[in-house]
Chemist: 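First the structure, which I've put down as structure tokens, then a few questions once you've had a look.
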Amino acid sequence: MTLKEALVERIIILDGAMGTMIQGFDLTEKDFRGERFVGSSVDLKGNNDLLNITYPDCIRQIHQAYVDAGADIITANTFSSNRISQKEYNCEEVAAEMAREGARIARQVADSVDRQVWVAGTMGPTSKTLSLSPDMNRPDYRAVTFDEMAAAYEEQARALIEGGVDVLMLETCFDALNAKAALYAIQKINDERAEIFPVMISATINDRSGRTLTGQTLEAFYTSVSHYPMLSFGLNCSFGVKDLGGFARELASHLPVRISIHPNAGLPNEMGEYEEQPEFTAHYLKMMAVEGLLNIAGGCCGTTPDHIRAIAEAMKDVKPHVVPKETDHLVVSGLETVVVDRQVSNFMNVGERTNVAGSKKFARLIREKKYDEALSVAARQIEDGATIIDISMDDAMLDSKVEIGTYLRHLANDPAVAKAAIMIDSSEWTTLIEGLKNAQGKCIVNSISLKNGEAEFIEHAKELHCFGAAVVVMAFDEKGQADTFERKIEVCQRAYDILVKKLHFPAHDVIFDVNVLSIGTGIAEHANYGVDFIKAVAWIKEHLSGTLTSGGISNLSFSFRGNNKVREAMHSAFLYHAIADGLDMAIVNPSMLKVYDEIP
């Protein structure tokens, strides 16, 4: 039976703390060094993962104790078996060996008993964060890059899989961008193996408001990583079990995923000791389980085999959580989620002023490297009603790749702006990717098209899905920009067939932009551009099920630039009719829209 199959039948028991048990062995510096690392120039005591190499019997005994207590899943002693975490011990070169040996030890214990026990390769968040600067005087500085983080995770994941784990567990996640780097690395391995390796994701919250260290709500964090078909999502560490019930209820009520909870044994006292007793932990976990909230239950810091034994007993005969059906609307996120659903909100404004081509002020601030002032432009868009911010640095005088990364790193430090979802807008592929590597939320990429043929289109779509991005698809193919109703629906149908039918891209993550083109130019062929856009939007909503529509509205009135009153009236009237026919969102300056009935 696979772990996925077992989760349908019962609540699965995860083991407890590794570090707490290691402390019970009263190991010395000599024990950590063993014979192999006797010459190390730094202290190695506390580098628990090194024990996989220098004192494997200690780790083996701990695994055995948890199996004897009733654990169905034992977690390999590999939380810090990555190059980034091991750098402080000068042990980067043996990080993969630690992971491989940790997996192998756990595998041996699991296979030695007469019941099925699964092995999870635990992957901690590393000692760095991709979303926040460690230096308050340099908000755009990061101690490690996305590529370095992904490379470290890829090495660790490969070693864990080679060592024989059944599932990978991203544990104690406090930064969704770190987690996305791990999932990006794992997906690359999946592509090579032509299979999806099971992954559990467990976040930790920083305070009782339910936000992570980087400021995301739990739902926003989940949204950021929801592109991966995870085995489970849940919480570990954080607080004691009593304080996690409300958050478990929040997760279980609407997230379409199995729920795991493995809490600390309370909060540590002034001596650093955990005092929550096994019966207490088991009692509150059972309350969650009886309420139908749990699929996986276990323990984190301070928990012991006694805690796991009590939890296993408490979970007997309690039915597992029934996963809710997945919704079919687009959800994106910054620090908070943004739901694009016409049943909730008839239309989404995408703020356009953080675009160097559309705002002289913003362009000047970026050129002058005044990023903090440039954030005020985004803040004003949010104040005016935008919930998604379109950011573009495409300008011949700028290095768009450098600028998009720098601006997004500054943005991450400002919660008032970072709460919004980001639309990364560029005609340069490398700029789009750089943007995704610097945004912890689920972004929208604007855009890809069939301009250079299907092969590139497919390659780009697959890569964007690895980052979890929704995507704007321009009505553009090898023949050029689609300017008539017939051409617009022809190109969109073709793109839909590739993305949704062939690549299984979620339909609600596909947003068609059927080209808002200028009217009032004096050229007869342009007279029907506005009507053709609206007709194409209506056709897409009827025929390309589940997909969304968008457009850049300022193009409509380009012939009237300089006459803002006319432009505002044109945009408002156009949107009134386009929204009625199904337009879901548009890139527009929300402060320059008028109420339709009030247009003179």
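Because the structure is a prediction, the values reported are computed rather than measured.
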Chemist: So, R104 and E101, do they make that salt bridge, N to O below 4.0 Å?
Modeler: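 Result for this pair is yes, salt bridge flagged.
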
Chemist: Does any N or O in the side chain of N295 come within less than 3.5 Å of the main-chain N or O of P320, such that one atom is a donor and the other an acceptor?
Modeler: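 Checking the backbone N and O of P320 against the side chain of N295, no donor-acceptor pair under 3.5 Å is found.
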
Chemist: Heavy atoms, side chains only, cut-off 4.5 Å: are C173 and N178 in contact?
Modeler: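 No; the side chains remain at least 4.5 Å from each other.
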
Chemist: Is there a donor-acceptor pair closer than 3.5 Å between any side-chain N or O of N52 and the backbone N or O of A99?
Modeler: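 No; zero donor-acceptor contacts below 3.5 Å.
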
Chemist: Ignoring hydrogens and angles, tell me if any N or O in the side chain of H262 forms a donor-acceptor pair with the backbone of A297 under 3.5 Å.
Modeler: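 A pair under 3.5 Å: no.
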
Chemist: To the nearest 0.5 Å, what is the distance between CZ (F32) and CG (L27)?
Modeler: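 Answer rounded to 0.5 Å: 5.0 Å.
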
Chemist: Would the distance check show the side chain of K180 and the main-chain N or O of A439 forming a donor-acceptor pair, the cut-off being under 3.5 Å?
Modeler: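 Looks like yes, one N/O pair under 3.5 Å.
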
Chemist: May I ask you to decide whether K462 forms a salt bridge with E459, counting only side-chain N to carboxylate O separations under 4.0 Å?
Modeler: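 E459 and K462: not salt-bridged.
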
Chemist: Using 0.5 Å steps for rounding, measure from the CZ atom of F221 to the CD atom of Q216.
Modeler: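 F221 atom CZ to Q216 atom CD measures 7.0 Å (nearest 0.5 Å).
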
Chemist: Could you walk me through whether D175 and K128 pass the salt bridge (charged side-chain N to carboxylate O under 4.0 Å, His left out) test, one step at a time?
Modeler: CA-CA 9 Å; D175 182 349; K128 308 298 180 185; over 6 Å; no

Chemist: Can you confirm whether L432 sits close enough to H460 that some side-chain heavy atom of one is under 4.5 Å from a side-chain heavy atom of the other?
Modeler: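 In short, these two side chains do not touch, never coming nearer than 4.5 Å.
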
Chemist: Which atom pair, heavy atoms only, marks the closest approach of G240 to P263?
Modeler: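 Looking at all heavy atoms of both residues, the closest pair is C-CB, 4.3 Å.
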
Chemist: What are the two closest non-hydrogen atoms of V473 and A495, and how far apart are they?
Modeler: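 What the structure gives for the nearest pair is CG1-CB, 3.9 Å.
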
Chemist: Let's go through I448 and F457 carefully: what are the C-alpha distance in whole Å and the side-chain angles of both, what is the deciding distance for side chain to side chain contact (heavy atoms under 4.5 Å, CB included) to 0.1 Å, and is it a yes or a no?
Modeler: CA-CA 7 Å; I448 62 173; F457 183 71; 3.6 Å; yes

Chemist: For the residue pair F512 and Y496, does the interplanar ring angle fall in the parallel (under 30°), tilted (30 to 60°) or perpendicular (over 60°) class?
Modeler: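 Rings of F512 and Y496: tilted, 30 to 60°.
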
Chemist: Are side-chain heavy atoms of L218 and L251 found at a separation under 4.5 Å?
Modeler: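 Result yes, sub-4.5 Å side-chain heavy-atom pair found.
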
Chemist: Roughly how far, to the nearest 0.5 Å, is CG of D72 from CD1 of I13?
Modeler: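 If I round to the nearest 0.5 Å, the distance is 6.0 Å.
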
Chemist: Charged N to carboxylate O under 4.0 angstrom, R211 versus D207?
Modeler: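 No, R211 and D207 are not salt-bridged.
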
Chemist: Is it true that the side chains of Q343 and H329 contain a donor and an acceptor less than 3.5 Å apart?
Modeler: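 The criterion, which ignores hydrogens and geometry beyond distance, is not satisfied for H329 and Q343.
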
Chemist: Using the salt bridge (Lys or Arg N to Asp or Glu O under 4.0 Å) rule, collect all pairs that involve residues 50-62, keeping only residues at least two apart or in two chains.
Modeler: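 Found D57-R60.
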
Chemist: As an exercise, state the distance from CG of L231 to CD1 of I296, rounded to the nearest 0.5 Å.
Modeler: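 Here the rounded value is 5.5 Å.
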
Chemist: Measure from the side-chain N and O atoms of H543 to the backbone N and O of Q493, and report whether any donor-acceptor pair falls under 3.5 Å.
Modeler: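 Not a single qualifying donor-acceptor pair exists.
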
Chemist: Determine whether Y55 and L50 make a side-chain contact, defined as any pair of heavy atoms from C-beta on separated by less than 4.5 Å.
Modeler: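 Side-chain contact under 4.5 Å: no.
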
Chemist: Is the F467 to F146 ring centre distance short of 6.0 Å?
Modeler: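 Ring centroids of F467 and F146 are less than 6.0 Å from each other.
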
Chemist: I'd like to know if the side chain of R142 and the backbone of S131 have a donor-acceptor N/O pair within less than 3.5 Å.
Modeler: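 Yes: the side chain of R142 pairs with the backbone of S131.
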
Chemist: Quick check: do T75 and M18 have side-chain heavy atoms less than 4.5 Å from each other?
Modeler: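 No. Closest side-chain heavy atoms not under 4.5 Å.
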
Chemist: Let me see the working for M98 and I53 under side chain to side chain contact (heavy atoms under 4.5 Å, CB included), right down to the final yes or no.
Modeler: CA-CA 6 Å; M98 290 180 194; I53 299 171; 3.9 Å; yes

Chemist: Does E219 offer a backbone N or O that forms a donor-acceptor pair with the side chain of T223 under 3.5 Å?
Modeler: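 Pair found, side chain donor or acceptor close to backbone of E219.
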
Chemist: Would you say the side-chain atoms of T212 and T214 include a donor-acceptor pair closer than 3.5 Å?
Modeler: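 A donor-acceptor contact under 3.5 Å links the two side chains.
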
Chemist: Could you walk me through whether K4 and R258 pass the side chain to side chain contact (heavy atoms under 4.5 Å, CB included) test, one step at a time?
Modeler: CA-CA 10 Å; K4 186 175 182 179; R258 302 172 194 87; 3.5 Å; yes

Chemist: Identify, with sequence neighbours excluded, every residue that meets side chain to side chain contact (heavy atoms under 4.5 Å, CB included) alongside E275.
Modeler: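 By the side chain to side chain contact (heavy atoms under 4.5 Å, CB included) rule, E275 matches N269.
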
Chemist: Mind listing the closest non-hydrogen atom pair of A110 and V117 along with its distance?
Modeler: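 Heavy atoms only, the tightest pair is CB-O, 3.5 Å.
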
Chemist: Measuring from atom SG of C443 to atom CD1 of I424, what distance do you get when rounded to the nearest 0.5 angstrom?
Modeler: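 Between C443 SG and I424 CD1, I get 4.0 Å after rounding to 0.5 Å.
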
Chemist: Would you say D49's side chain and S80's backbone share a donor-acceptor pair under 3.5 angstrom?
Modeler: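 Between the backbone of S80 and the side chain of D49 there is a qualifying donor-acceptor contact (under 3.5 Å).
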
Chemist: Using a 6.0 Å cut-off, check whether atom NZ of K541 has over 12 heavy atoms from anything other than its own residue.
Modeler: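 Yes, enclosed.
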
Chemist: For A179 versus V225, what's the shortest heavy-atom pair and its separation?
Modeler: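 Taking every non-hydrogen atom into account, CB-CG1, 4.0 Å.
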
Chemist: Of all the heavy-atom pairs spanning K442 and A470, show the shortest one and how long it is.
Modeler: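 The answer is CE-N, 4.1 Å.
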
Chemist: Does K188 pair with E154 as a salt bridge, N-O distance under 4.0 Å?
Modeler: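 The answer is no: the pair does not qualify as a salt bridge.
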
Chemist: Do N47 and E88 get their side chains close enough for a donor-acceptor pair, meaning under 3.5 Å?
Modeler: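 On atom types as modelled, these side chains do not qualify, holding no pair under 3.5 Å.
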
Chemist: Could you check if a side-chain atom of L330 sits within less than 4.5 angstrom of a side-chain atom of V338, using non-hydrogen atoms only?
Modeler: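 They are not in side-chain contact.
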
Chemist: Closest approach of S224 and Q440, non-hydrogen atoms and distance?
Modeler: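 For S224 and Q440, the tightest heavy-atom pair comes out as OG-O, 2.9 Å.
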
Chemist: Please examine the side chains of F233 and P256, heavy atoms only from C-beta on, and report whether any two atoms are closer than 4.5 Å.
Modeler: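 No, side chains not in contact.
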
Chemist: Considering only heavy atoms from C-beta outward, does the side chain of L170 approach that of M230 to under 4.5 Å?
Modeler: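 No, their side chains stay 4.5 Å or more apart.
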
Chemist: Mind running side chain to side chain contact (heavy atoms under 4.5 Å, CB included) on L548 and V340 for me, showing each step along the way?
Modeler: CA-CA 9 Å; L548 288 83; V340 183; 3.2 Å; yes

Chemist: With rounding to the nearest 0.5 Å, note down the distance linking CG in D15 to SG in C300.
Modeler: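 Rounded to the nearest 0.5 Å, the CG-SG separation comes out at 10.0 Å.
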
Chemist: Between R83 and A152, is there a donor-acceptor pair closer than 3.5 Å when you use the side chain of the first and the backbone of the second?
Modeler: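 Side chain of R83 to backbone of A152, a donor-acceptor pair under 3.5 Å: no, none is there.
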
Chemist: Look only at the side chain of Q156 and the backbone of A182, and say whether a donor-acceptor pair between them is shorter than 3.5 Å.
Modeler: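 Not a single qualifying donor-acceptor pair exists.
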
Chemist: Could you list the donor-acceptor pairs under 3.5 angstrom formed between side-chain atoms of residues 189-206 and any protein atom two or more places apart in sequence or on another chain?
Modeler:
from : atom 1 : to   : atom 2 : distance (Å)
N190 : OD1    : F197 : N      : 3.1
N190 : ND2    : Y228 : OH     : 2.8
D191 : OD1    : Q187 : NE2    : 2.9
E192 : OE1    : R158 : NH1    : 3.0
E192 : OE1    : R158 : NH2    : 3.1
E192 : OE2    : R158 : NH2    : 2.7
R193 : NE     : E195 : OE2    : 2.9
R193 : NH2    : E195 : OE2    : 2.3
S202 : OG     : N236 : N      : 3.2
S202 : OG     : N236 : OD1    : 2.8
T204 : OG1    : N236 : O      : 3.4
T204 : OG1    : S238 : N      : 3.2
T204 : OG1    : S238 : OG     : 3.2

Chemist: Hey, are K45 and D31 close enough for a salt bridge, meaning a charged N less than 4.0 Å from a carboxylate O?
Modeler: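 Judged by the 4.0 Å cut-off on N to carboxylate O distance, K45 and D31 do not form a salt bridge.
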
